[in-house]
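Read the numbers this way: they start at 1 and go in the same order the structure lists the ligands and their atoms. What's counted below: heavy atoms across the whole structure, side chains too, no hydrogens, waters or symmetry copies.
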Amino acid sequence: MQVVKYMFQPHGDDRGQLVALEEFKDIPFHIKRVYYMYDTASGVVRGKHAHKKLEQILICISGSCKILLDNGSEKKVVNLEKPYEGLYISNDMWREMYDFSDDAVLMVLASELYDESDYIRDYDEFLNMVRENS
Ligand code: T46
């Protein structure tokens, strides 16, 4: 399984750092939605689903967390701990987010608007989708 991690270019000067992200330049899709999660309680596992269409880039802009990626035959754990790195997640990838630090803010850039019918929340259904697409 190939993990696609983007390293964004911080614009640093004596005031600090600034990262700017533009669609189709830094982000490989049209950004239709941005959301972020914070104050995640200790021990919580979020996600546990795949998507039919949605592509996303996850950026832990504060603190750290871990992302489990599962393509149906292989699993990988990715650490997100720098505000200038972004993890690309394709639609057909089961994802779980966990081990959030107290100060973690996980920001997500998404290719689609929110649509509950795009979610695959059942693991067997996910495996069927992967089999059908291969
Ligand atoms: C994903 C991972 C990385 C909305 O109303 N609009 C939104 O855009 C989103 C993302 C969520 N919501 C509502 C729906 C639920 O009532 O917020 C609540 C929590 O959402 P959810 O349980 O889906 O959150 P996560 O952390 O399990 O998953 C989210 C995204 O939903 C998902 O697409 O890939 O982050």
Side-chain angles (χ1 to χ4, degrees):
M1 181 201 300
Q2 198 195 355
V3 172
V4 181
K5 227 183 195 187
Y6 288 84
M7 302 304 267
F8 305 123
Q9 179 66 58
H11 301 279
D13 59 27
D14 54 7
R15 297 170 297 175
Q17 303 294 329
L18 184 154
V19 174
L21 302 174
E22 296 184 14
E23 56 186 8
F24 301 124
K25 184 175 160 207
D26 311 283
I27 305 298
F29 49 75
H30 179 47
I31 303 165
K32 284 200 185 158
R33 179 166 53 110
V34 176
Y35 61 91
Y36 49 91
M37 50 201 86
Y38 60 96
D39 276 357
T40 310
S42 157
V44 159
V45 181
R46 301 195 66 122
K48 298 187 183 172
H49 57 252
H51 281 277
K52 293 176 188 165
K53 190 171 168 202
L54 182 70
E55 298 172 82
Q56 306 191 101
I57 291 204
L58 277 59
I59 307 168
C60 202
I61 54 174
S62 169
S64 63
C65 65
K66 290 190 173 70
I67 316 292
L68 171 82
L69 297 175
D70 176 354
N71 66 6
S73 51
E74 204 182 332
K75 296 181 187 186
K76 272 197 180 158
V77 173
V78 180
N79 290 316
L80 284 182
E81 52 194 9
K82 305 285 185 202
Y84 53 78
E85 60 186 17
L87 175 66
Y88 172 78
I89 306 187
S90 57
N91 60 314
D92 54 356
M93 189 75 75
W94 189 266
R95 79 286 315 264
E96 299 184 6
M97 302 90 80
Y98 62 101
D99 245 6
F100 288 83
S101 62
D102 288 345
D103 57 348
V105 180
L106 180 61
M107 183 176 79
V108 183
L109 310 180
S111 67
E112 306 296 332
L113 300 178
Y114 179 68
D115 176 7
E116 181 56 37
S117 70
D118 191 66
Y119 284 71
I120 301 173
R121 296 189 183 276
D122 181 83
Y123 192 73
D124 289 333
E125 193 188 328
F126 162 67
L127 291 178
N128 285 336
M129 177 182 81
V130 170
R131 269 186 227 116
E132 279 167 17
N133 291 348
S134 65

Check ligand 1 against [X] and write out every atom of the ligand that is under 4.0 Å from a heavy-atom position of the residue.
X: Y119; answer: 23 (O), 30 (C), 31 (O), 32 (C), 33 (O)
X: H49; answer: 1 (C), 2 (C), 27 (O), 28 (O), 32 (C), 33 (O), 34 (O)
X: L54; answer: 33 (O)
X: R121; answer: 23 (O)
X: M97; answer: 2 (C), 3 (C), 26 (O), 35 (O)
X: R33; answer: 7 (C), 8 (O), 9 (C), 10 (C)
X: M37; answer: 26 (O), 35 (O)

Is the shortest distance from atom 29 (C) of ligand 1 to a protein heavy atom below 4.0 Å?
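Protein heavy atoms within 4.0 Å of atom 29 (C) of ligand 1 - there is at least one.
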
Does the protein come close to atom 16 (O) of ligand 1 - that is, does one of its heavy atoms sit below 4.0 Å from that atom?
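There is no protein heavy atom less than 4.0 Å from atom 16 (O) of ligand 1.
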
Would you mind checking if E116 and R121 are paired as a salt bridge, meaning a charged N to carboxylate O distance below 4.0 Å?
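Salt bridge flag = yes for E116 with R121.
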
Distance from atom 9 (C) of ligand 1 to nearest protein heavy atom, with residue and atom
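Answer for atom 9 (C) of ligand 1: Y114 CD1, 3.6 Å.
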
Below a 4.0 angstrom heavy-atom separation, can you tell me which part of H51, side chain or backbone, both or neither, approaches ligand 1?
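Only the side chain of H51 comes within reach of ligand 1.
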
